[in-house]
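Some notes on the structure that comes next.
In what follows, chains are A, B, ... by sequence order, proteins preceding strands, each numbered from 1.
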Amino acid sequence: MSAVIELTGITKRFPGVIANDNVNLVVERGEIHAICGENGAGKSTLMKILYGMQQADEGTMKVDGEVVAFNSPTDAIDAGIGMVHQHFMLADQLTVLENVVLGAEPVRAGGAINFKEAKAHLSAVGADYGLTIDPDDMVETLEVGERQRVEIIKVLYRGAQILILDEPTAVLVPQEVEALFENMRELKAGGATILFIDHKLDEVLEISDSITILRQGKTVASMKNDGVTASDLAELMVGSELPSPETAESTVTDHVALSLRDVTVVDDDDRSVVENINLTIHKGEILGIAGVEGNGQAELVDAIIGTASVSKGVVELLGTDITSMSVRKRRESGIAYVPEDRHREGLMLEAPLWENAALGHQTQKPYGSRWFMNRAGTRAQTELIREQFDVRTPNVDVSAHALSGGNQQKLIIGRELTSAPSLLLAAHPTRGIDVGAQAAVWEQIRNARKAGLATLLISADLDELIGLSDTIVVMLRGRMVARLSPSEVTPRDLGAYMTGAATQDTSSPDTSSPDTSSPDTAGR
Amino acid sequence: MARLQKLHDVPAWIRWPVYALLGIFLLTVVQSITGTERLTQVSTSREMLRWAVPIFLAGLGGLFSERAGVVNIGLEGMLILGMWFGAWGSIEYGAWWGLVIGMAGGGLGGLLHAIATVTFQVDHIISGVAINILAPAITRYLSDEIWASPTTSPRTTSVGDWDVPFLAGGTIFGWESPDVLLDIGKAEWWFVSDVADLIRGLLRGTHWVAIIAILLVPATTWLVWRTRFGLRLRIAGENPQAGEAQGINIIRYKYVAVVISGALAGLGGAFISTELSGLFQGGNSAGRGFIGLAALIFGNWRPGGVLAGALLFGYVFGLDLKDLDGTASHALLLVNTVVLGAVLLWAVKRRRTTDAVLAGILGSGAFIWWLSADAVPSWWSNILPYVLVLLVLVFFSQRLRAPAKLGEPYRKGS
């Protein structure tokens, strides 16, 4: 076998980050090569460079032994490389055939598309690689897996021999993943080389011939899929740094603040993105949710705050069923919310701080009443937040975008915690803020916990999860796959559960029985 | 449901005439009840066509623009530009050149819209409204400069019209062929003569531009749905990023589409000034660019649908034109009642309670109005096209499919 792709010393810098730092990658002809790594490890950037969507600052690329420089995807297509993006590039209201031929249409004199020839070519390509699809179907009628097949056919139709699949399984349900793998094996048998990005290690081990692992923009390992175990991979992916010591005593009580029973959330295509989740959070408890992004954590939070509707199951807050309550009512009954994206969901960037401080609480004292805002009260409260939560700002009249990310986040935490909540939903509360602000946010959450607040914490920072949580559950493909005690778990273990390399039996209906989270056992 | 599905398998060239016959049948029945005769007169369908042509051309222009993702509310302005340039070209260079120059004038308006919306990412509505304000002002200024009168031009020349031989008594090489439809119409057979009259209105004194407009239906269908150009134009409106990923210059297609859009609206305008009025006169557009946009939505962004919408709206206006006492438009209320009744049945069958209730209320409203008055005021027929569009949007919006990325700004490489 010969190397069909050879990347040497690829470096790509963006303002403030090095996305790829001296990355090397060798792909043999006719193999399925997996690229693994956590979010932000630089996988997608590397693939975009290979596909000509971005240009490397340093390093050389060889395709079939020849040095190449791609300025656009067109160059890459000419060199026989095709890419299937994670977000499909398809027009829903066009047919499969129209989508496939777009940009490479066979035409008769006069500019009419020769649909007959196109159809013949499409079915020939399909037959070569064992892919079938009806060319006259409207794309909007297709399932996600079928749409992906259209994308693959689109690439093959242009004569690509090397396929890049960007997280192809992220959008699929398990059965569809099986079908995709079947297709990938057929493609390989047909002579294609496949590069694919994935961070679900069970899948990687099942399908790939070789594996390259990236961490923080660097290649940390490249190996044949031969006697490798998932936990080896997980360790390489997340590193094995120890958690920062956490000395706070357990404050978990017996009072249930939030309880979810069999909660299922479906997406627009009616597929479960959150499936049969059972969990309980007690007063004074921080429950951490670990998981690779896109495995249902965000939708779970949406279901609790009320921005997504629960298709099955019950959500209870302090013993009251809130499953069909409006967001407004839920907020008023004591749910505090630190959203994942503070710019989109947490703040009005153009508005002054005091207006931002009232967001989500505008109908409650001291911000206002049902119909009117209380300006004086709101401003006074904002001053209070500014003082207590150390929001560094000249005054409360500056607009929110004038603040640094850390101070914006402190404002959000402040407004949520001063509203005397009974439950805090914190999604990535320290993402993208500096170390000092991070420590401050942690301190505030810890203090609130001591005062009896129940917290649901979602974070991609495993050290943060292990450090703050009293209990950790792991979500994978919308399901709860593990329940762990932070005192006994390492980031490496977590990584294994998050990627499906390790599994735990969580079949009992409510695994958060007091046994696992009572003060006696959860104390550290 | 199965039967409905079968109806969809019937080819369009059979389906549409069947719909038309059903419509005429309804008109005939209503006419028998109300005693008016104007609903199916020769002059009514003749006026309908004269009104429908500019509406259709504007709507078809909108189709090009909106299929490429650019909302074109500036059609009215482009139509006005076409009116002026058409008149000017006709006076200076002759009738056919008038049409060509009218298209160029409208195309210029389209180009302006394209520069604003595609290159500078101006909001499509704002740019369109600006063009609608600009066009009357520019034409007024130009008229004053060139014809020394801000509102009217000298007489223009016309490319003329044509009588269809045999059916409507047209002449072939000087020989006058029989006028079959006239004879049938005179025979006063119930329904049959009504159909003959209405068809004769379309075939006698048919403007050449009207014939061109009708031919544009299959031509557009072919261009937009069967050619490479059309596919790329549609991707610009459906998913420009997907097109860009395949190396298609989306910006260029948007430009071409919006300019074509303006040119077609301009042809509609030139038709108004040179063929209908015989001169340019400010205000003669009578909002037909806007109604064209309504026909576009009514017709679900498809050429045949736009034509159907234009004819329907043209009918309402055309009927009103000769209906000085308002009795014929009054009879239309009964037609509305029947149609809303049909919608009611449809909604009940589909278990769509809200729709059924709404159709019931509106239908009874129309019926009560019909019973309680002898005539309707003329503003009613002026707003009727918009009322129809609103009704279509209310009841059938789930079946309407606008281009997916209509009105969304597109930036290369984002």
So what's closer than 4.5 Å to chain B heavy atoms on A/Leu102: side chain, backbone, both or neither? both

Select one option (side chain, backbone, both, neither) describing which atoms of A/Glu140 are under 4.5 Å from chain B's heavy atoms. side chain

d(B/Leu57 CG, B/Leu75 CG) to nearest 0.5 Å is 11.0 Å

Does the separation of the ring centres of A/His121 and A/Tyr157 fall below 6.0 angstrom? yes

Pairs of heavy atoms under 4.5 Å with chain B: top-ranked of A/Leu90, A/Thr74, A/Ile77, A/Asn99: A/Leu90

So for atom NZ, which belongs to B/Lys405, do other residues, nucleotides or ligands contribute more than 12 heavy atoms lying within a distance under 6.0 Å? yes

At a heavy-atom distance under 4.5 Å, which candidate from A/Met89, A/Lys154, A/Arg158, A/Glu105 has the highest pair count against chain B? A/Glu105

Is the side chain of A/Asp267 donor-acceptor paired with the backbone N or O of A/Arg271 at a distance under 3.5 Å, no angle test? yes

